[in-house]
Peer 1: 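Following this message is one structure expressed as structure tokens.
Any value given below was found using the heavy atoms of this structure, including those in side chains, with hydrogens, waters and symmetry copies removed.
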Amino acid sequence: MTTGSERADVAIVGGGPAGAAAAEQAAAYGAETVLFEQGVPREDREGLGPDSTDAAGMLDYWVDILDIPFSEIPDEVVLRELEGCDFVGPTSEVELNSTGIDASYPGFGFTFDRTRMDDWLHERATDAGADLRIGTGVSALKSERTSSGYSHRLTLASGEELVADRVVLADGPQRRITIDALDQFLPDDRSASDALSPPRANHIAYQEYREFPPELFSEFDDRLKFWWGHIPGETAYPWIFPNDGTVARVGLTMPIGMDLADVPNRDSYKLLRPGDARIPTGGEYVRRLLEAEYGDEYDVESEIPRVEDRGKSKGTETYPISSTRPIDSPVGAGIAVAGGAMGTTSAFHEGGYHVAVRTGSIAGRLAASGTLDRYNDVWKRAIGAEILRNVSFADMVADYEPDDWDRVFEVVNGMTDAGSAGVLLDRKYAAGIGASKILAGYKRRKFRYRNGRYVQLAEDEYAV
């Protein structure tokens, strides 16, 4: 190792929810902790902050996975409490008013300000004693075996170096450092890119902050709304999330690099046009969605305008969402991967903040206490049921076309307790042959991924 380098017990790469939670826990458990976050500017933030974002909704049982009591979350972070969620198909619709999962949070969920939430997690980490270096990027991580285990040298963008005993990689779906760091421990015929290469392992998401007329906003001011079967692509859908005032985030998620020529039955997708030569941009999809839903009564651009002092740039933001199955970490080398970098985020329901915080917290605590070898087992116990559910659902609907979504929504509406349809497939409700087929297909996939088989890069594949 290079002599004269700065040293720390635990180094954390990435300052999003997983990294901030890891820093707070590592410092709270007595480790000398340094977090590095390259940071990006935003319209709604003074100074730099984490580069990732999402539509920032939290369901009731996600609060328990988050493992932070709702009472501790500052009031200014919570934007709006939710009463339910609507799934809209091409010709049918499902209304959900309960997740059906026992939870400490009393309502359906809430939307929150992601920037304020990130900053609050940073404050918690700083208060615990962690050294947060926002605006400082890491360019490389090299690990070396020593007489007592492993030592890790982080090269910063400035050329300076820091040596750490243990490392938490929380650099999000971009995985700028994670992929090369993991490849150090993989055989020549296996690469972390096989599992985690961003173009293959991620979806791309786009959202705009829009100001709605009060009478229109009141139609969805306490509900999330998703449109399935309206745009092509595996787990691809637009959404509306209500924010503060009469502002809502309107966006979508879709696979990266789709070719319109490969889309079957393209005429069945409501937000495609006969003249499209390629997949529309995120901004064009948003405009088409708003025109289709509200264009008969409102001029979209003048009466539902973008709020330009929010988001990353002029009321808009584009960001990656991990849409792959998660990986184990090379814990024997003193490295844990957490949050979006490890693939816990689900493009299926546009949610990952809760699992990012939980995996980061676990990684930070175990890194500080010298028991990081337990990480792969502990995170599976903490979030395994959530991952299994997400992976199984995503797998089940991977090839759905618009007619399939209408068929499923019609079946769900016929099921017992349709208000809790979000978890009906985890229960023994059925409504005839259609529901039985859906239930059987879902259970087959859950069985396939049982006992942690949803992991696509296992701990024993690393050479440490």
Side-chain angles (χ1 to χ4, degrees), residues 51-55 87-91 172-176 179 191-208 226-240 250-293 312-313 316-327 340-341 343 345-350 352 390-408 441 445 456-457:
D51 188 24
S52 61
T53 187
D54 58 28
F87 290 166
V88 182
T91 62
Q174 299 93 332
R175 306 180 179 98
R176 292 186 308 105
I179 289 177
S191 168
S193 291
D194 296 338
L196 299 175
S197 175
R200 293 195 302 271
N202 294 343
H203 277 40
I204 193 70
Y206 172 86
Q207 68 179 4
E208 297 181 357
F226 300 88
W227 284 262
W228 288 94
H230 285 66
I231 63 176
E234 181 179 345
T235 57
Y237 52 89
W239 71 75
I240 290 183
V250 187
L252 63 129
T253 182
M254 61 182 175
I256 296 172
M258 288 181 61
D259 187 339
L260 191 57
D262 297 330
V263 176
N265 302 317
R266 53 175 289 179
D267 292 341
S268 63
Y269 292 94
K270 287 190 171 183
L271 299 187
L272 291 182
R273 301 288 181 266
D276 287 338
R278 60 182 62 85
I279 294 292
T281 64
E284 178 61 18
Y285 264 146
V286 166
R287 187 189 65 79
R288 291 181 185 182
L289 175 70
L290 293 175
E291 289 282 0
E293 294 294 315
K312 288 183 179 178
S313 176
T316 71
E317 46 199 32
T318 302
Y319 51 95
I321 297 177
S322 179
S323 57
T324 188
R325 287 164 29 221
I327 63 164
T345 308
S346 172
F348 178 75
H349 56 48
E350 180 68 5
N390 294 342
V391 168
S392 299
F393 269 124
D395 192 24
M396 186 174 72
V397 305
D399 298 321
Y400 273 23
E401 295 182 17
D403 286 348
D404 297 306
W405 286 108
D406 275 334
R407 172 179 55 84
V408 168
R445 287 164 174 82
Q456 60 169 325
L457 181 57

Peer 1: Heavy atoms only: give me the nearest Ala205-Trp239 pair and the separation to one decimal.
Peer 2: CB-CH2, 4.2 Å
Peer 1: Less than 4.5 Å apart, side chain to side chain, heavy atoms only: is that true for Gln207 and Val250?
Peer 2: no
Peer 1: Applying side-chain contact (heavy atoms from CB on, under 4.5 Å) to Val408 and Tyr400, what does each step give before you reach the verdict?
Peer 2: CA-CA 10 Å; Val408 168; Tyr400 273 23; 3.5 Å; yes
Peer 1: Report the distance from atom CD of Gln174 to atom CG of Leu196, rounding to the nearest 0.5 Å.
Peer 2: 12.5 Å
Peer 1: Could you go through the side-chain contact (heavy atoms from CB on, under 4.5 Å) check for Leu260 and Leu272 one step at a time?
Peer 2: CA-CA 10 Å; Leu260 191 57; Leu272 291 182; 3.9 Å; yes
Peer 1: Search all heavy atoms of Val263 against all heavy atoms of Pro232 and return the closest pair with its distance.
Peer 2: CG1-CB, 3.6 Å
Peer 1: What is the distance from atom CG of Leu271 to atom CG of Leu252, rounded to the nearest 0.5 Å?
Peer 2: 9.0 Å
Peer 1: Do Val88 and His230 come within less than 4.5 Å of each other through their side chains, counting heavy atoms only?
Peer 2: yes
Peer 1: Mind checking side-chain hydrogen bond (donor to acceptor under 3.5 Å, both in side chains) for Glu293 and listing every partner two or more places apart, or none if nothing turns up?
Peer 2: Trp227
Peer 1: Could you pull out the closest heavy-atom pair between Ala192 and Ile179, with the gap in Å?
Peer 2: CB-O, 3.7 Å
Peer 1: Any heavy-atom pair between the side chains of Thr253 and Thr235 that's under 4.5 Å?
Peer 2: no
Peer 1: Scan for side-chain hydrogen bond (donor to acceptor under 3.5 Å, both in side chains) pairs involving residues 278-291, sequence neighbours excluded, and state none if there are none.
Peer 2: Asp276-Arg288, Glu284-Arg287, Glu284-Arg288
Peer 1: Enumerate the residue pairs fulfilling side-chain hydrogen bond (donor to acceptor under 3.5 Å, both in side chains) with a member in residues 260-270, sequence neighbours excluded, ordered by first and then second residue.
Peer 2: Asn265-Glu401
Peer 1: With a 3.5 Å distance limit and no angle check, can you tell me whether Glu317 reaches the backbone of Lys312 through a side-chain donor-acceptor pair?
Peer 2: yes
Peer 1: Just verifying a value: how many Å separate Leu289 CG and Ile231 CD1, rounded to the nearest 0.5 Å?
Peer 2: 9.0 Å
Peer 1: Once side chain to side chain contact (heavy atoms under 4.5 Å, CB included) is applied, do any residues pair with Ile204, and if so which ones, sequence neighbours excluded?
Peer 2: Met254, Ile256, Thr318
Peer 1: Quick one: list whatever passes salt bridge (Lys or Arg N to Asp or Glu O under 4.0 Å) with Arg445, sequence neighbours left out.
Peer 2: Asp395
Peer 1: What pair of heavy atoms forms the shortest contact from Pro90 to Gly229, and how long is it?
Peer 2: CG-O, 3.7 Å
Peer 1: For Ala195 and Ala201, which heavy atoms make the closest approach, and how far apart are they?
Peer 2: O-CB, 3.6 Å
Peer 1: Under 3.5 Å, is there a donor on one side chain and an acceptor on the other for Ser323 and Asn202?
Peer 2: no
Peer 1: For side-chain contact (heavy atoms from CB on, under 4.5 Å), just list the numbers for Arg175 and Ser322, CA-CA rounded to whole Å, side-chain angles, deciding distance to a tenth of an Å, and then say yes or no.
Peer 2: CA-CA 10 Å; Arg175 306 180 179 98; Ser322 179; 2.9 Å; yes
Peer 1: Heavy-atom distance under 4.5 Å between the side chains of Pro238 and Val286, does that happen here?
Peer 2: no
Peer 1: Are Gln456 and Thr324 linked by a side-chain donor-acceptor pair shorter than 3.5 Å?
Peer 2: yes
Peer 1: Kindly assign one of parallel, tilted or perpendicular to the pair Tyr237 and Trp228, based on the angle between their ring planes and the thresholds 30° and 60°.
Peer 2: tilted
Peer 1: Sequence neighbours left out, what pairs pass salt bridge (Lys or Arg N to Asp or Glu O under 4.0 Å) with at least one residue falling in residues 194-205?
Peer 2: Arg190-Asp194
Peer 1: Give the minimum heavy-atom separation between Pro173 and Pro320, together with the two atoms involved.
Peer 2: CG-O, 3.7 Å
